[in-house]
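Here's the structure we're looking at; comments come further down.
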Amino acid sequence: MKKLLITGGCGFIGSCFVLRQIKSGNLVVNLDSLTYAANPKNLIEIENNLNYHFIKGDICDQNLIGDILQKFNIDILVNFAAESHVDNSITNPHSFIKTNINGTFSLLNASLKYWQNLSKEKQANFRFIHISTDEVYGSLTADEPRFTEHNKYQPNSPYSASKAASDHLARAWFETYKLPTIITNCSNNFGTRQHREKFIPTVIRSCLSGQDIPIYGNGKNIRDWIYVDDHCFGIELAIAKGRLGESYCFGGDAERQNIDIAKQICKILDQIKPRPDGKSYQEQIKFVEDRKGHDFRYAIDSSKAKRELGFRINGDFEEKLLTSVSYYL
Ligand SMILES: NC(=O)c1ccc[n+]([C@@H]2O[C@H](COP(=O)([O-])OP(=O)(O)OC[C@H]3O[C@@H](n4cnc5c(N)ncnc54)[C@H](O)[C@@H]3O)[C@@H](O)[C@H]2O)c1
């Protein structure tokens, strides 16, 4: 049985990962400060599991992290905790700097202290997994090759800049102190338990409430969508097989324009929950003023993760979108 400290485990991806770890028989300590983005109900099915421990706290609290690492004899720390919504980073960058940069710094510092006092064997097995995003690489044109681990960091939003800074810290703690860190950079996740503010839940909610479905700009921006369980599978592989100090990119091999995602969701709802007037939900699509500094295209080439870790995507995109839409219904 492995003992994991998972930060941000009440959020969208963190909760999926916590559930998978508990199902695998591991011990999980979930440290989450319960911001507006958290949903403790995501974990209701395991809240009484003896292997699950929830601690409400902030990743900026280095003493608290040190105490948890010691008390639970942690083997693996997986850092999901972050401010994660780009739009919020444009209006309120401060909390992004605090959590994403200072928080990662506290986690690294506390982990280093703990790790330096472990036995040689435990030191060799300890992992600090830092969960990051493809947005650190900036934006692609329509014809450029997909991002790989070799792309230059060129973050364009306060969110991606704060994530880029945190990645650099994780890398530096390996290069300087040999703390066994691994970074994962993933494309846009979709699936169950995502916060209502994000794109796919927003489209579904707008459809059902009869409101306009807001699409930024001309809707032609492209994202590479990965199902949240596929992402979590990749993280598990990185823990088990990832080389120390390396980063691994995970993508869904599913590049789609935002407008096409919105239309596809409308089509699904037209079939499973038709509008009372019999018209298509597509009638509610409305183009709105573009996001400031809106990146045109993100896409990931997961070749390294496939080659070194055995990463693969399970099932097809359309099927998983249907599963997700049904969940939100
Ligand atoms: N959602 C995506 O599409 C996506 C894609 C690539 C990478 N990522 C990265 O994956 C991670 C998880 O993303 P998500 O979509 O699940 O985020 P989320 O916003 O759904 O959840 C974040 C969680 O972190 C917690 N948190 C925030 N600040 C905290 C703090 N200071 N201390 C402790 N807990 C805190 C929140 O309460 C919440 O439960 C993030 O690091 C994000 O950058 C997300």
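In what follows, every heavy atom counts, from backbone to side chain, and hydrogens, waters and symmetry copies are set aside. Counting starts at 1 for both ligands and their atoms, in listed order.
The minimum heavy-atom distance between Ser139 and Glu144, with the atom names listed, is O-OE1, 4.1 Å.
Leu69 has its side chain within reach of Ser111: a pair of non-hydrogen atoms, C-beta onward, lies under 4.5 Å apart.
Side-chain N or O atoms of Thr35 include one that pairs as donor or acceptor with a backbone N or O of Ala37 at under 3.5 Å.
Enclosure of atom CD in Glu175 by more than 12 non-hydrogen atoms of other residues, nucleotides or ligands within 6.0 angstrom is indicated.
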Using a 3.5 Å cut-off on N/O to N/O, what pairs does ligand 1 make with the protein? A line per pair would be great.
residue	atom	partner	partner atom	Å
ligand 1	3 (O)	Asn189	N	2.8
ligand 1	16 (O)	Phe12	N	3.3
ligand 1	16 (O)	Ile13	N	2.8
ligand 1	17 (O)	Ser84	OG	3.4
ligand 1	19 (O)	Ser84	OG	2.7
ligand 1	20 (O)	Phe12	N	3.0
ligand 1	31 (N)	Asp58	OD1	3.0
ligand 1	31 (N)	Thr99	OG1	3.1
ligand 1	32 (N)	Ser33	OG	3.4
ligand 1	32 (N)	Ile59	N	3.0
ligand 1	34 (N)	Ser33	N	3.1
ligand 1	34 (N)	Ser33	OG	3.4
ligand 1	37 (O)	Asp32	OD1	2.6
ligand 1	37 (O)	Thr35	N	3.0
ligand 1	37 (O)	Thr35	OG1	3.1
ligand 1	39 (O)	Gly11	N	3.0
ligand 1	39 (O)	Asp32	OD1	3.4
ligand 1	39 (O)	Asp32	OD2	2.6
ligand 1	41 (O)	Phe80	O	3.2
ligand 1	41 (O)	Lys163	NZ	2.7
ligand 1	43 (O)	Tyr159	OH	2.6
ligand 1	43 (O)	Lys163	NZ	3.2

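The ring pair (Phe, Tyr, Trp, His ring centres under 6.0 Å) with Phe190 is formed by just one residue from the set Phe199, Tyr328, Tyr327, Phe317; it is Phe317.
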- Message: I'd like to know whether Leu118 forms a side-chain contact (heavy atoms from CB on, under 4.5 Å) with Asn125, so could you lay out the CA-CA distance, the side-chain angles of the two residues, the decisive distance to 0.1 Å, and finally the verdict.
- Response: CA-CA 10 Å; Leu118 292 174; Asn125 292 326; over 6 Å; no
